[in-house]
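Every heavy atom of this structure was used, including side-chain atoms; hydrogens, water molecules and symmetry mates were not.
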Amino acid sequence: MAVGKADEPVEIFKARSDKREYRRIVLQNSLEVLLITDPETDKCAASMEVSVGYYSDPKGLEGLAHFLEHMLFYASEKYPVENSYSKYITQHGGSTNAFTSSERTNFYFDINADCFEEALDRFAQFFVKPLMSPDATTREIKAVDSENQNNLLSDGHRVYQLQKHLSSKDHPYHKFGTGNWDTLEVQPKARGLNTRQELLKFYKENYSANLMHLVVYAKDCLDKAQTLVQSIFQEVPNTNRSYSPVTDQPCKSEHLQILVRAVPIKQGHSLRLEWPIIPDLTHYKEGPSLYLSHLIGHEGEGSLFYILKKLGWATSLSAGESGGGHHFSFFEVYISLTDAGHEHFEDVVALVFKYIHLLQQAGARKWIFDELSAISETNFHYQDKSSPIGYVVYVASNMQEFLSQKSISNRIFWVSTNFDGNTDSMEPWYETAYSLEKITSSVIEQWMEKAPDGNLHLPVPNMFIPTDLSIKTVSNKMNFPVLLRKSSYSRLWYKPDTLFSMPKGYCIIDFICPQSRSSPESAVLTCIFVWLLKDYLNEYAYDAEIAGLGYWISGHCSGFEVTVSGYNHKMRILLEKVIDRITNFKVEPDRFFVIKELFSKQYQNIKFQQPYEQALYYCSLILREHSWSWNDECEALTNLEIDDLVKFYPLLLSRTFLECYVAGNIDSKEAVSMIQHVEDALYKGSQPLSRALFASEHSSSRIINLEESKNYFYAAEGLNTSDENSALVHYIQVHSDEYIKNVKLQLFALIAKQPAFDQLRSVEQLGYITSLSRTSDAGVRGLQLIVQSSVKDPRYIESRFQAFLKTLETQLHDMSDDEFKKKVNALIDIKLEKFKNLPEETNFFWWEISSGTLKFDRIENEVAALKQITKMDLIDFFNEYVNVGAPKRKSLSLQVFGSSHFSEFKSEKVDPAEPNVVQIEDIFCFRRSRPLHHSLKGDLVHLKAHDIDHQ
């Protein structure tokens, strides 16, 4: 869809498949609003975009706009209870968030449809009369500082800030937008400034209705939605604040034609070339950046990436417009380099410029533009219906508006750990080491003369563009998948599209291979095999991806999974090519070593993961039966050679079972034919590649069963000694898949999620990353608290979580029956939310198939179970499985101690044990000592296939 500016007539363009209605209005206070109504929606949503971002931060108050974004969530004059807005949204099936960019700040939420009116009124108070108390101000500065602490070791944040640092100091692009304790508390106080007063002043000066754009996604008709919006948002003050977008360029001559060498945190090498450009929004009809990114970022034969990959110099390449402002932007080419690519840096840069020179000589080709236009038009008219919250954010962000430069006006950022110790400058906010030198056009030309040619050329016409977009007739309107076909080699589940009327389909094939994870070596070899498969298919399948037909291959604990999805017209062509590559796999030595190098760096970089990610890894390693440690896999990788993979490949596929699911705009005969083709390729012939599994080889994914009334914990130092953050993952194992217990756990999590966040994050300020959520692992349900903190150690955080649970017990008892009923109804509404598109439906049913539960009618049964639950049932469940000291409580605490808490970690090792607390010293000894939960796949072999005509 498209909209116009405030003073222009509006024509709204809709996709042919879009049944929603739209209306654009401007309120009397000059607030622009786009109304979207969808009578079929289960959720409603809204997004408000304010035309102010961190470019407007006052000097010496870096991060003020971002800080204000945080503060508006706390309270308002109309709803003064702190965090009552977030609580209302969360406990009525919704979610809410916000983000601050250079010239915009966006706030958004979604919620169950029957609660939308009150939610929208609460949301509006952000912009009517928010309360920003002194106490909340101090606490939220700490939250902003915690957020910044989490970003300090992120190479993405570090390089981006370095790019901004190397621009004009008087240009807002140069600014540090996140903010921290120093910029928002220490420095202002030293200058006699009150941060809260500056915050209120900033809000008053910039949050004016005429600078806001609201998108509302409602269930009611347009007239009713308009009346609601007018009654609520007319109160937003309009101070007629003028908006002056930044129009000058951030890079002057001294910031162009530069080569910057920078040191990253993680092992590896990368190259960024960027050119200042006019944003594509200015030329949205012509789409120059889209045209260039399509060609420079192409991965087919003759492309820049194809040549770099063939030379063994790159593992990935992307090209496109990157962030800037309304009137300036950058076109960026990003390349991940191999070690050899790093050594041939000049040649890599030269090849980029050679390809650009090729494009300049070729000129704009009409057939390429027409091809892109055709793909864009097809994608527009057959786009999957997205979630309301995602849609309103997208539209609000684009309501305001919709390589002509000389190619040498570039900036080159060469990032490598090899530069450590060989730089002479430091970026101030993230302390990234770098050095800078000027690079002239004559130098680039010399590199181009010496570089290999590699037969660069334009792509050929795309054979995968769909031309048959017809919708197949489905005579039997089945609601659930059926087992369409079964053999000793495979099971085929099938579900035609009966809801979405889109020319799209899914084919998922899970290759169950018992040899895939039998040892650390086999686990690593399986991963290399999967990566090489994708590597070999890349040039061929890239056109399919551009044309809306994608594929994925991913490894897992029992083998690997192949998914082909998108427009169904030419899906079988791509599927057969993928299967051909699998069955005729050959190890190419040069690619093997590139992938091995890539894996080696990934293992080296594990220590730079966030501490909470390390804690989650320990949790998984302790619980999962078939899992190997990073160290074991890394050691195995070091010793692997080409011959190891050559010998492993036939062993991997020697015995295989295929779990298959075909869905969408594909008829049953075609589904059977597709899987029959796969079977023939694997199992037929004089020397078949695969044989059927023995009955004893069918896999089952299982996790250990923790002992009741025991509180296990595993403590470790953070792997990165430079990271001050510590983390706690507190896992409570509850039960195997069972409707009644499932919904009790879901209801408890719905009730407890926001209070846990409010108490541990907002009130106690333990850490910016704080969440309480449900888990499901091999069919076993549980609860999981995650907190990452630089201010408190994991043991202290654990004690605060226990205190929170005791407080929550009182809150559960004090909850009125009416409030309890509202919580139950909110969860019912969440469960009854309809699938919006084929991917959502497919993910739901495939999860049931792949996990072995096969409860396709789960939603109906869990809703029925929910309707029977009383408040005392929930309290009894909490006191039996979750509360501190509960008789059936089974908990596992994963504690990662950052550098700021190493002393606590060492003292922890000698503290006397508490009652019922068991320290895990050796993960594998502990894992072997515990029994396993039962497998959910035990009865699958007895399933019978159904005749589709009788379903």
Side-chain angles (χ1 to χ4, degrees), residues 299-302 306 309-310 459-460 462-466 485 487 489-490 492 505-513 515-516 525-555 559-592 595 642 645-662 666 669-692:
E299 298 182 13
E301 188 175 339
Y306 175 83
K309 177 183 161 185
K310 194 174 180 180
V460 298
N462 192 334
M463 63 171 282
F464 281 102
I465 296 176
R485 181 178 180 274
S487 72
Y489 308 120
S490 71
L492 169 58
Y506 262 86
C507 178
I508 306 175
I509 305 175
D510 193 359
F511 288 72
I512 309 298
C513 308
Q515 295 296 327
S516 65
L525 284 167
T526 300
C527 290
I528 294 176
F529 165 73
V530 166
W531 272 76
L532 282 173
L533 270 180
K534 294 187 288 186
D535 187 75
Y536 297 161
L537 284 162
N538 192 65
E539 291 83 41
Y540 179 85
Y542 187 75
D543 272 347
E545 182 182 342
I546 292 172
L549 178 59
Y551 84 98
W552 297 265
I553 307 177
S554 57
F560 63 97
E561 185 176 295
V562 172
T563 300
V564 180
S565 72
Y567 297 110
N568 60 277
H569 179 204
K570 300 180 180 180
M571 176 180 288
R572 180 157 184 167
I573 299 173
L574 181 57
L575 174 65
E576 290 184 1
K577 185 67 173 183
V578 173
I579 298 304
D580 178 69
R581 273 296 190 177
I582 292 173
T583 56
N584 294 288
F585 179 81
K586 298 290 187 294
V587 182
E588 297 177 12
D590 56 335
R591 301 311 300 163
F592 173 85
I595 300 302
I642 294 171
L645 183 55
V646 171
K647 294 173 183 176
F648 176 73
Y649 160 69
L651 180 64
L652 173 69
L653 293 178
S654 61
R655 292 200 179 270
T656 309
F657 184 79
L658 310 176
E659 190 81 70
C660 311
Y661 181 46
V662 175
I666 302 170
K669 290 181 180 179
E670 177 65 10
V672 170
S673 176
M674 290 164 71
I675 302 309
Q676 184 63 61
H677 173 82
V678 179
E679 277 195 13
D680 291 346
L682 285 167
Y683 302 102
K684 306 301 181 183
S686 57
Q687 292 183 315
L689 183 62
S690 300
R691 298 183 184 278

Heavy-atom distance under 4.5 Å between the side chains of [X] and [Y], does that happen here?
{"X": "Cys513", "Y": "Leu653", "result": "yes"}
{"X": "Lys577", "Y": "Tyr551", "result": "no"}
{"X": "Cys660", "Y": "Met674", "result": "no"}
{"X": "Pro466", "Y": "Lys570", "result": "no"}
{"X": "Gln676", "Y": "Arg485", "result": "yes"}
{"X": "Arg572", "Y": "Glu670", "result": "yes"}
{"X": "Met463", "Y": "Ile573", "result": "yes"}
{"X": "Trp552", "Y": "Ser565", "result": "yes"}

[atom1]/[X] to [atom2]/[Y] distance, rounded to the nearest 0.5 angstrom?
{"X": "Leu682", "Y": "Ile509", "atom1": "CG", "atom2": "CD1", "result": "8.5 Å"}
{"X": "Leu645", "Y": "Lys586", "atom1": "CG", "atom2": "NZ", "result": "12.0 Å"}
{"X": "Leu658", "Y": "Ile508", "atom1": "CG", "atom2": "CD1", "result": "13.5 Å"}
{"X": "Glu588", "Y": "Ile642", "atom1": "CD", "atom2": "CD1", "result": "10.5 Å"}
{"X": "Glu299", "Y": "Asp543", "atom1": "CD", "atom2": "CG", "result": "10.5 Å"}
{"X": "Leu689", "Y": "Thr583", "atom1": "CG", "atom2": "OG1", "result": "7.0 Å"}

Exercise. Does the distance from a Lys or Arg side-chain N to an Asp or Glu carboxylate O, for Asp535 and Lys309, drop under 4.0 Å?
Worked result: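 So Asp535 pairs with Lys309 through a salt bridge.
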
Problem set entry | Residues, nucleotides or ligands: over 12 heavy atoms within 6.0 Å of Lys534 NZ |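 Yes.
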
Minimum heavy-atom separation for [X] to [Y], with atom names?
{"X": "Asp510", "Y": "Phe560", "answer": "OD1-O, 3.3 Å"}
{"X": "Leu492", "Y": "Val662", "answer": "CD1-CG2, 3.7 Å"}
{"X": "Gly505", "Y": "Ile666", "answer": "CA-CD1, 4.2 Å"}
{"X": "Ser516", "Y": "Phe648", "answer": "CA-CZ, 4.4 Å"}
{"X": "Ile675", "Y": "Ser490", "answer": "CG2-OG, 4.0 Å"}
{"X": "Cys507", "Y": "Leu575", "answer": "SG-CD2, 4.0 Å"}

Problem set entry | Polar contact flag, side-chain donor to acceptor under 3.5 angstrom, Arg691-Thr656 |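 The answer is no; no qualifying pair exists.
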
Exercise. Do the side-chain N and O atoms of Glu679 and Ser487 include a donor-acceptor pair separated by under 3.5 angstrom?
Worked result: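 There is such a pair (donor and acceptor under 3.5 Å, judged by atom type) between the side chains of Glu679 and Ser487.
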
Problem set entry | side chain to side chain contact (heavy atoms under 4.5 Å, CB included) partner of Val578, chosen from Thr563, Leu537, Val678 |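 So, applying the side chain to side chain contact (heavy atoms under 4.5 Å, CB included) to Val578 and each of Thr563, Leu537, Val678, only Leu537 qualifies.
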
Exercise. When you look at Tyr540 and Phe464, which way does the ring-ring contact (aromatic ring centres under 6.0 Å, His included) test go after all the steps?
Worked result: CA-CA 10 Å; Tyr540 179 85; Phe464 281 102; 5.6 Å; yes

For this session: Over 60° means perpendicular and under 30° means parallel, so classify the ring planes of Tyr683 and Tyr489, tilted if in between.
Result: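 Tyr489 vs Tyr683 ring planes: parallel.
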
For this session: Applying ring-ring contact (aromatic ring centres under 6.0 Å, His included), run through Phe529 and Phe585 and close with a yes or a no.
Result: CA-CA 9 Å; Phe529 165 73; Phe585 179 81; 4.8 Å; yes

